[in-house]
Structures are given as structure tokens and as C-alpha cells.
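The basis for the numbers below is simple: all heavy atoms, side chains too, and nothing from hydrogens, waters or symmetry mates. Residue numbering restarts at 1 for every chain, and letters A, B, ... go by the order of the sequence lines.
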Amino acid sequence: MMNPNPGHPDAMHDEYDPQAIETAAQRYWDEHESFKAVEDSTREKFYCLSMFPYPSGRLHMGHVRNYTIGDVIARYQRMRGKNVLQPMGWDAFGLPAENAAIQHGIPPSQWTRSNIAYMKAQLQRLGFGYDWDRELATCDPDYYRWEQWLFTRLIDKGLAYRAKAVVNWDPVDQTVLANEQVIDGKGWRSGAPVERREIEQWSVRITDYAQELLDAIETLEGWPEQVRTMQRNWIGRSEGVYMEFGLAGSDAVLGIYTTRPDTLMGVTYMAVAADHPLAQEAARTDPTLAAFLDECRLGGASEAALETMEKKGHPLGRDALHPITGKRVPIYAANFVLMGYGTGAVMSVPAHDERDFHFACKYGLPIRPVVVPASWQGREIYIKTMTGTSVGHARLTGEYPVAGVTGEPGCDPLQWETWDERFEQPGILVDSGPFTGLTSAAAFDAIAAWLEERGRGHKRVNFRLRDWGVSRQRYWGCPIPVVRTADGGLRGETDLPVRLPEDVVVDGSGSPLKRMPAFSELANGETRETDTFDTFFESSWYYARYCCPDNDRAMLDERANYWLPVDQYVGGIEHAVLHLLYARFFHKLMRDEGLVSCDEPFTRLLTQGMVVAETWYREDAGGRKTWYNPADVEVTRDDKGKLIAAVLRADGQPVTFGGVEKMSKSKNNGVDPQVLIDRYGADTVRLYTMFTSPPDQSLEWSDEGVEGAARFLRRLWALAITERGERPAAAVAPGDAERAARREIHATLRKALYDYERHQFNTVVSGCMTIVNTLYRLEDSPAGRSVRREGLGLILRLLGPIAPHVAHHLWRELGFGDDILAAPWPMVDEEALVQDSIEYVVQVNGKVRAKVEVPADAERGAIERAALANDNVQRFVADGTVRKIVLVPNKLVNIVVG
RNA sequence: GCGCAGAUGGCGGAAUCGGUAGACGCGCUGGAUUUAGGUUCCAGUGCCGCAAGGCGUGGGGGUUCGAGUCCCCCUCUGCGCACCA
């Protein structure tokens, strides 16, 4: 029999079957190449990029969230008419592949490529609108050859150089460890105490770009303020003074940098790194010092480890000479000063620096206050060590000619026995010879000038940012394209790519490259560098390569200048500094090589929050915790919904709540997205992740919440199937109920459109839910059905970017068109919003006492009279006199009664 | 240790500007449908109180007719710290 309704698609099934409609929708997009991006100079482009994944094996919820956010933005911009590029690829080099190889004997390349295949299928199942033709993997020589090429250019330009860098050294495994592999100061495999070592490595001069990287942050208006602040602080521009202390009994000098030259007269000792030549020299004749220097090497190299470890020192037995007074100050070797950063030496002012203060107390060094707040003028200041011995004393009296400061001679002395943060603040110099009485700011200049005149120092801008050490002593990475010539010189490789051999055995005892003469030994006695690049190197430019991944003659071509900069970048907040700063830097390197024309790679940035879930555990007698997956825990609640008990389903015995934490293997609180996709379909998973939290906040997992998302899609489906088949006649006069419904729908739509623009997708979804609820309340009259159909048309487009499969299917099924991707973006009907009367909230002294209905065109006096006429308002006004009436148009009246 | 965020019902969260705190969803309670479980539908649900009303956005202070929102102090939690990606 023929379809009785040939103008319409086939009748729908009554049941929502996500697996079937999602497969069909994805096939449609595939056949129509819906997401293929083609350069077109006549159209406004939109490049939407999500941070590419490390191919760890399976997608986790964090990936699903990241890529859903990106896809929603890409599909939204596409529906707004932009020419959208949304690519995807693989950050394929890295440590986990080597670990997997050690554990399972699989070569890293094989492990990585099979993970990519599996995860790609998962991404496709989620319906993300990627242009897969542009897919790239960083372990592919066609990709990494270009960063090798750029690196040889950096060598030529002097932007890449060899320098010493501090690493974690495992003395048992004889290998360099990543910070992650150092646990409580010990190697993760050997358990041996880790040592800090300095080795020669390749470095890139990011500090040459420090000022530009800092200045350009001001132009990144589409970035979260939080990230901009973190980058500013990371770059850490400071203005200070470089100066040279003399060395007693020598012509040599000890150079240091300080941001507080105003405290120079308070220097009571110097601290140098254990690896400083002065310390090394002194240790040759001093066994206790030598032993101390050995001890200084213990511990991890991370900044957190260095800053939190116990600060220790040992005198070198020789003195430095103060650049102004010429007085002797002792030099200490200290474990918290590193040779790699700055000059490897610092001046120490215990009266005005907290770390120096504690160090001085510990070793009985003098504390000499030289700067005090102006308000302390006229007082005596004593600072004692924690052991109670008074070692410092300064006085500020009214005799110093400081503008705006009046003396209070005879006041009580101020005494401190512990550190006070006021010591650190700038103020007035005391007991500082020729600089006494100056403000800190004036003293800064005066002392710098004094030193400069005598050739002992000068002002200097300094950055906290350090050059980027890019060498890694690992196998699974991009080979550094450098050759050491027979005479010991270094040159960039010209025959590129330098291919990484993939047929290798990784056994954990260092990089296999170092044992492969076929790789490292070249003709004419030349040898190849066996270190590989930091994987941040690959991830610093992939966004540009997506524009022209097929170019085998150049790193980038003119297509990059069509698509770049990336209009919207989406990824985790954990990348706020490192990845995003390196990528900005790399972009400028490519710009200066003439490869791109813009100055910054990412116009707008969205940093998404973590995915977290409840944790549950049991503790055994020895205090060891066993963690149970939330899916295996049964929870009981009281009649207020409060949690009262939780047991493990398997044995019915209680488990303890361990808080809400980031999904992880160690806490066993991960949820496998694949299980959810199989059970509910991609649209439910996407809708849930968008609805539960705003994109930039953490998302707390809840099985019931997923149920709720699925329920909404079933409700939408059930509503839509009532409207399949014949279309109602065009114009049906609406009644009051329909007019009210339209007003609500369009008011909600207006809010949802605004929320789309500011990327607050959770409230877009609640808006859709509100509209569905409104549509359900409409009567089954022709007028009601007309509004329902209008509402469905709006909802499907609002939901299109978020739950694209069901939107695609219903759009066609209801006869709105062939392809919702081509539909115009919905618009608010302003006429639907017009109201005859307005409800005002009436407050008395700021407390809500009534609501009054007032004609929309009522004047101020009429509104106030209506408010005062209300019985309940009169009850609260009666006691006093009306002092003032505050009126907020269309909203609120506040009657102030005194 | 340093830098950056955050804190709102039983839970996730909402509240463009300083203007009705708690939208939407979950959970929970009662009811309907169902042989039952599930599903679905209807009603209720910040706390205290019979009510009138009072209290309420981590804690303490302040500005204002009015503060979740602005200012000061404090507490706790999360993220980053240069070799995890």
C-alpha cells in the first residue's frame, strides 16, 4: 500500500529509539559531507577548536565534556551562518605509551595507533561535527618534520641554544624522571631518594618574547580574566637592580639580582647554590661542607618541592664585601638557591624577607632592620629571634626630613619576636647611611644610581619566566634534529624528517634510541642527538597545521591565513599557563618566520571545569582504603532526600563517603562514557553534560541526572509525535491562553539566545525544558496546536547544537525542512512579548509585602498610589511616616518608612 | 611555599545593571495508571512556626532605601607551579 501521506516523511515510531535515529543522522551528515570545511573568502569564517586528546585508550568523561562544548559552539556558529572549521587530531607522543610498552611489551607506536582507532570510533559515535579529512597525529613524520625544520631555523637565528637544566635523577634506575614520577622525593619505580642534577639541554629563548607575551595579554579580551592574570603572574615582570658584591681576598665578584635594592643596607649574609663555583671550590677543603652540598641535591626539582622543603644552609667560610659599605658578610651555601635560575646567588635581608628571616633565626645570623613604615616614626623597633635573643635594633625619629611625616618621639617601643608581614612593606629607610630618611621608592633610584656611578650595578628588568627547556631523555617523542660533528660542533639536520624508529623494544632502562647505532651513528664520525622534544612542542602549533595538513612542501600555507586565528578554543583550565603560553610563543615564532600574519593564535578561550564524582571506600584494620565505584554503591535517603546510608550492592555492607573528587583510577570513581552511550545514546550524554553545570565550572556526576536528561528527550519526542502528519491551517486566532503561552515561549527564547551567546548552555537547556512544559499545557485546539508547532520549531533549533541527532530527525519528521543545519536561527517575536499590565513587587523597608498589578502605561504617581493602597502594605506603613519611595521601572516599589 | 579560582535548599545549579533568592533538573512526599517492578501522569517540597510572621546565599564586619552581587577581614575546597598531558 502507498503511504497515505506522501508529502511527509514516513510515520514515526512511537518509541524514542536513540540508537536508530543517531545512526541514521550520522549517515546523513556523512553522505552530505556536512562538516567538510572549504576555504571561501566571501564568507565569514569561524574556526572552533577543542584541545586534542592524548590517545590514552578510551574516551573519559572529561573528553566527552570538552568535545561536546566545542561541538555545540561549532554547530551554533554554523547555524548562525558562519563558514565553520572544526578539526580533530591526536597528541600522540608521550610518556604513557612508553609505560604501556614496558608493562605489555607492545611498541609505543602500535599501542598509540590502536588507541587512536578506537577513540576515533567513539568520537564518531558521539556525532561531533568534525572535518575528519584534516585529522592529524603528532607522531606522524609528515607532521613532526615541520617542527624539526622550524627548530633548525631557531638554531640558525640563535633562538635555540644549549644550556644546563635541572632534572630529577633516579640513582638506581640511572634515568631522568618526570616530576610526576617523583613521589614524596622518591623514584616511583625504584623507591630511591631522587637527586637533582644539571644536564646540558636544548633551550628556546621564550624570554626574548617575554615582554611581547606580557603586553599582548591586554589584547586577549576573549580570554577568561583568571587565565590572563595567571599568565601575567607566570611571566612575572619585575624591575630591580643587578649588582656585584666583592669577594674578600679576591678580585672576583658575586653578581646578584634584587627587586628590593632599598633594603641593601640590611644585607647580613649571602646565599649561593650548592652547584655554585664558590661553593664547589670551598668544598674541596671542607668535608662537612662537601657533605652538605651532596645533601642539597636530594629531593625533586619541581618548584613546589623546592619551596616547601626545609630551608638549610652551610657557611662557605669566606665572605662577600658589601658594595656600599665594603663590610664583610658571610656566604652560605643554601639548598633553596638553584644554579639554573638567575645567577645562582642571592643577597639576604632577614629583616625584610620572610624566608631570610627564618633562615637567619635558624643559623643565628644578624637581623638588621633598615626600612620601617612611616607611621612608626618616632618609635623604637626591636626585632628578636625566636629564641629570644635580641639581634636587631633600629630607631626612626622625627629628625629625618621626610615630607608628610610627623614625629612622635617618646612613644613605646614596638617589639616583635616572630615574622610580621609589615616588615616586607616599603617604607622609610633607617640606619642606612647616606640613604637614611629616603622612601623605599626614592632609595631604589638613589642606590641604583650610586652603584651605577661606580660600575657596581645597574637597574634591570627581570622576568620570572625562564627559557623553555625542550630536551627530553625519552624515546616516544619527536627526534631533535641535531647532529654532532666529529670535532664536537653542533648543526641542525638538513635531511628532514629525522624519523623516529618505531620497531623497538622498550624495557624501562632509558631510551632505546641511545642503544641504536643505526639511528645515532652517522658517516664521517658524526652522531645524532638521541633526545626528543618536550611534547608541548607538538601541541604548540597543531592548531595551525589543521589549516593545511596535506601540504608536503611547507609547514603552513595561505590557507592558514584564511582560518587563523582560532576564533574559539576550548579546553581544560589545567592548561591555563603552560600549553597556552607555549602555543602563543610558538605562534610568534611562526609569525617571525613569515608563516602566519596574525599576532595571537586564539581569539576566544573557554576553559572547561573538571568532571567529578562521589567516592566511596572501606578502611581495613591497617588503615588501607579500598575504593568502590559509585555505580556499585546503593544509597538510602530519608523523607527529605538526605543521605542516611550507603551499602555496596555486592554484599550489602556499609561503605563510607569519601567526598566528591575528580574522576580517577586511583579513587575508582570514573564513569565510562561508552556504557552511557550504549544505554542512552549520544544525545542524552551530550544533553546531560551541557545541562548539569555551566561549561567553566566542575561537573558533578549523577546517574539520576542522566536519567533526567533521557526523560526530557522522551518527553520532547512524545510531544513532537502528536504534531506529526497534517499541518494546521496557517492563521488561527489565538485565545488568552495561547497568547500567554507565546509570551512565555518568546521570553524564554530571548533568554536562551542570550545564553547561547555567552556560552551558558545549562540555562539554554533549562529554557528548552521550560518551553516544552509550556507546550504540554496547551489545549489540543487548532489555536493550541498552532502555538505548539511554532514552539517545537523553536526548540528543535535551540536544541540542534546540543542534541543534534534527535533535532535532525524531528525537524524532518515534522516537515520543517530537509536539514536543520540549513535552517535559519530562531528569532524572538517582539510582539508576543507585549503586556497590557505589569506586576510590581511592593517592599516596605526592603521587605516584600505585596504584589500589585498596574497598567503597563501607568505613571509613577499611579503606581505609588496602587502600592500604598494595598492592605498588607498599609499594615506595615501605618506605624510611621513615609520618608521616601524608590521606584524601579517595571519591577519594584520600595516604600521607606521611618 | 607561591599564583589563580570557588563556596547559594537534601543534591546539581538559576538570579544581564545592586532590585521578588532558589528558575530548570535531580532527590524526596502524597496521589493516579499498572497484577507487580519499572515507565508515565498530577500535586507538594529552603528552614522555623498552627498562623501572623521570622530567618536564610561558607563565617565576621561595612556601604546602601535595598547586598548572593560592592568593600575589608577570616575559614575551607579545587586548579597550576616549568619533565603528566
Side-chain angles (χ1 to χ4, degrees), chain A residues 51 53-54 56 91 94-96 165 167-168 176-182 224-227 229-230 232-234 236 301-309 311 336 354-355 465-466 468-469 471-474 534-536 539 572-579 581-582 607 609-610 612 635 637-643 659-662 688 691-694 696-709 711-712 714-715 718 748 751 754-755 758 760 762-763 765-770 773 839-843 845-848 851 875 883-886 888 891-892 894-897:
Chain A
M51 291 182 186
Y54 178 79
S56 53
D91 188 14
L95 211 46
V167 296
N168 304 298
V176 175
L177 297 179
N179 284 334
E180 189 191 54
Q181 298 171 315
V182 179
E225 195 48 52
Q226 163 195 14
V227 175
T229 305
M230 280 194 265
R232 267 184 220 110
N233 292 340
W234 185 263
S302 74
E303 187 174 310
L306 287 167
E307 293 287 333
T308 52
M309 74 185 174
K311 309 294 185 292
F336 55 86
E354 187 172 6
R355 186 178 66 188
L465 180 69
R466 305 195 297 265
W468 179 12
S471 295
R472 297 293 179 270
Q473 296 70 48
R474 309 201 191 289
D534 176 4
T535 56
F536 276 129
S539 59
I573 182 68
E574 66 273 20
H575 296 293
V577 175
L578 289 178
H579 161 63
L581 190 63
Y582 288 139
T607 50
M610 294 179 306
V612 299
V635 161
R637 295 172 198 282
D638 67 10
D639 60 6
K640 300 220 161 155
K642 239 184 224 174
L643 189 151
V660 172
E661 302 221 24
K662 182 176 181 173
Y688 171 73
F691 175 57
T692 303
S693 305
D696 57 353
Q697 288 179 29
S698 64
L699 182 155
E700 186 176 330
W701 188 259
S702 142
D703 287 331
E704 293 84 1
V706 183
E707 252 335 309
R711 188 173 305 144
F712 169 70
R714 283 197 298 268
R715 258 169 75 77
T748 309
K751 171 83 161 59
Y754 172 74
D755 290 341
R758 62 175 176 152
Q760 188 168 288
N762 56 326
T763 47
V765 176
S766 25
C768 291
M769 290 171 167
T770 303
N773 292 342
E839 187 184 71
Y840 274 82
V841 167
V842 185
Q843 296 181 333
N845 287 341
K847 289 192 189 291
V848 179
K851 287 169 189 179
R875 279 184 55 207
R883 300 212 180 274
K884 184 174 169 185
I885 298 181
V886 180
V888 182
K891 269 193 183 149
L892 168 144
N894 186 17
I895 300 164
V896 185
V897 178

Self-check item: Nucleotide B:G3, atom P - distance to CG of A:L465 in whole Å
Solution: 18 Å
Exercise. Enter syn or anti for the glycosidic conformation of B:C72, syn applying to angles within 90° of 0.
Key: anti
Quiz item: Which nucleotide sits closest to the side chain of A:N894: B:C65, B:A14, B:U40?
Solution: B:C65
Quiz prompt | Heavy-atom donor-acceptor pair, A:N762 side chain to A:S693 backbone, under 3.5 Å | solution = no
Self-check item: Touch class at under 4.0 angstrom, heavy-atom based, for A:V896 against every strand present
Solution: sugar-phosphate
Quiz item: Nearest-Å distance, CD (A:Q697) to C1' (B:G13)?
Solution: 8 Å
Quiz item: Checking all strands, does A:Q473 fall into the base, sugar-phosphate, or nothing category for heavy-atom contacts under 4.0 angstrom?
Solution: base
Quiz item: Within the structure, does a side-chain N or O atom of A:R472 lie under 4.0 Å from either OP1 or OP2 of B:C83?
Solution: yes
Quiz item: Just checking A:M309: base, sugar-phosphate only, or nothing, at a heavy-atom cut-off of under 4.0 Å?
Solution: nothing
Exercise. For A:L306 and B:A82, give me the distance from atom CG to atom C1', rounded to whole Å.
Key: 12 Å
Quiz item: Touch check for A:E225, heavy atoms < 4.0 angstrom, all strands: base, sugar-phosphate only, or nothing?
Solution: nothing
Practice problem: Kindly indicate, with the supporting measurements, whether the criterion side chain to side chain contact (heavy atoms under 4.5 Å, CB included) is fulfilled by A:L581 and A:W234. | Solution: CA-CA 9 Å; A:L581 190 63; A:W234 185 263; 3.5 Å; yes
Quiz item: Looking at OG1 of A:T607 and NE2 of A:H575, how far apart are the two atoms once the value is rounded to the nearest 0.5 Å?
Solution: 11.0 Å
Exercise. Tell me which nucleotide among B:G53, B:A14, B:C17 gets nearest to the side chain of A:R875.
Key: B:G53
Exercise. Identify whether any heavy atom of A:H579 sits under 4.0 Å from a base atom; if not, whether one sits that close to sugar-phosphate; answer base, sugar-phosphate or nothing.
Key: nothing
Quiz item: Among B:A23, B:C81, B:A21, which is the nearest nucleotide to the side chain of A:S766?
Solution: B:A23
Practice problem: Look at all strands and tell whether A:Y54 reaches a base, only sugar-phosphate, or nothing, counting heavy atoms closer than 4.0 Å. | Solution: sugar-phosphate
Quiz item: Does any donor-acceptor pair link the side chain of A:K851 with the base of B:U20 at a separation under 3.5 Å?
Solution: yes
Quiz item: Taking only side-chain nitrogens and oxygens of A:R232, does any of them come within less than 4.0 Å of OP1 or OP2 of B:G3?
Solution: no
Quiz item: Is any side-chain N or O of A:N179 closer than 4.0 Å to OP1 or OP2 of B:A82?
Solution: yes
Quiz item: Does the A:N845 side chain pair with the main chain of A:V897, one donor and one acceptor, at a distance under 3.5 Å?
Solution: yes
Quiz item: Of A:V841 and A:P96, whose nearest nucleotide on RNA chain B comes first from the 5' end?
Solution: A:V841
Exercise. Scan A:E704 against the nucleic acid and name what it touches under 4.0 Å (heavy atoms): base, sugar-phosphate only, or nothing.
Key: sugar-phosphate
Quiz item: Can you check whether A:K751 has a side-chain N or O nearer than 4.0 Å to OP1 or OP2 of B:A23?
Solution: no
Quiz item: When you look for runs of 3 or more Watson-Crick or G-U pairs in a row, both distances below 3.5 Å, which of them include RNA chain B?
Solution: B:1-7 with B:75-81, B:10-12 with B:24-26, B:27-32 with B:40-45, B:46-48 with B:53-55, B:58-62 with B:70-74
Quiz item: Rounded to the Å, how far apart are A:K847 NZ and B:G66 C1'?
Solution: 11 Å
Practice problem: Write down the distance between CG (A:N845) and P (B:U64), rounded to a whole number of angstrom. | Solution: 15 Å
Quiz prompt | Which nucleotide in B:A14, B:A85, B:C84 has an atom nearest any side-chain atom of A:E180 | solution = B:C84
Exercise. Grab the CG-P distance between A:D696 and B:G12 for me, whole Å please.
Key: 16 Å
Quiz item: Does A:R715 make a side-chain N or O approach to OP1 or OP2 of B:C41 shorter than 4.0 Å?
Solution: yes
Quiz item: Distance check: side-chain N/O of A:N233 vs OP1/OP2 of B:C4, anything under 4.0 Å?
Solution: yes
Quiz item: What integer number of Å spans the P atoms of B:C2 and B:C74?
Solution: 13 Å
Quiz item: NA contact type, A:R355, heavy-atom cut-off 4.0 Å: base, sugar-phosphate, or nothing?
Solution: nothing
Practice problem: Could you check whether A:V176 gets within reach of a base, just the sugar-phosphate, or nothing at all, counting any heavy atom under 4.0 Å? | Solution: base
Exercise. When you get a sec, tell me which of B:G13, B:C83, B:C24 is the closest nucleotide to the side chain of A:D534?
Key: B:C83
Quiz item: Between A:Q226 and B:C79, does any side-chain N or O lie under 4.0 Å from OP1 or OP2?
Solution: no
Practice problem: Taking only the side-chain nitrogens and oxygens of A:R474, find out if one of them lies under 4.0 Å from OP1 or OP2 of B:C83. | Solution: no
Quiz item: Reckon A:N762 has a side-chain N or O less than 4.0 Å from the OP1 or OP2 of B:A14?
Solution: yes
Exercise. Indicate the ring-plane relationship of A:F536 and A:Y582, choosing parallel, tilted or perpendicular according to the 30° and 60° boundaries.
Key: tilted
Quiz item: Between A:T763 and A:D755, is any side-chain donor less than 3.5 angstrom from a side-chain acceptor?
Solution: yes
Quiz item: So which nucleotide from B:C24, B:A85, B:U20 ends up closest to the side chain of A:V848?
Solution: B:U20
Exercise. Using a cut-off of strictly less than 4.0 Å, decide whether A:T770 has a side-chain nitrogen or oxygen near OP1 or OP2 of B:C24.
Key: no
Quiz item: What's the CG-C1' distance between A:L699 and B:G78, to the nearest Å?
Solution: 15 Å
Quiz item: What nucleotide, of B:C81, B:C24, B:U39, holds the atom closest to the side chain of A:R714?
Solution: B:U39
Quiz item: Closest to the A:T763 side chain: B:C24, B:A85, B:A15?
Solution: B:A15
Quiz prompt | Touch class at under 4.0 angstrom, heavy-atom based, for A:E574 against every strand present | solution = base
Practice problem: Rounded off to whole Å, could you give me the CG-to-C1' distance for the A:L578 and B:A85 pair? | Solution: 10 Å
Quiz item: The side chain of A:W234 lies closest to which of these nucleotides: B:G19, B:A82, B:A15?
Solution: B:A82
Quiz item: Is A:L892 touching bases, backbone alone, or none of the nucleic acid, heavy atoms closer than 4.0 Å?
Solution: base
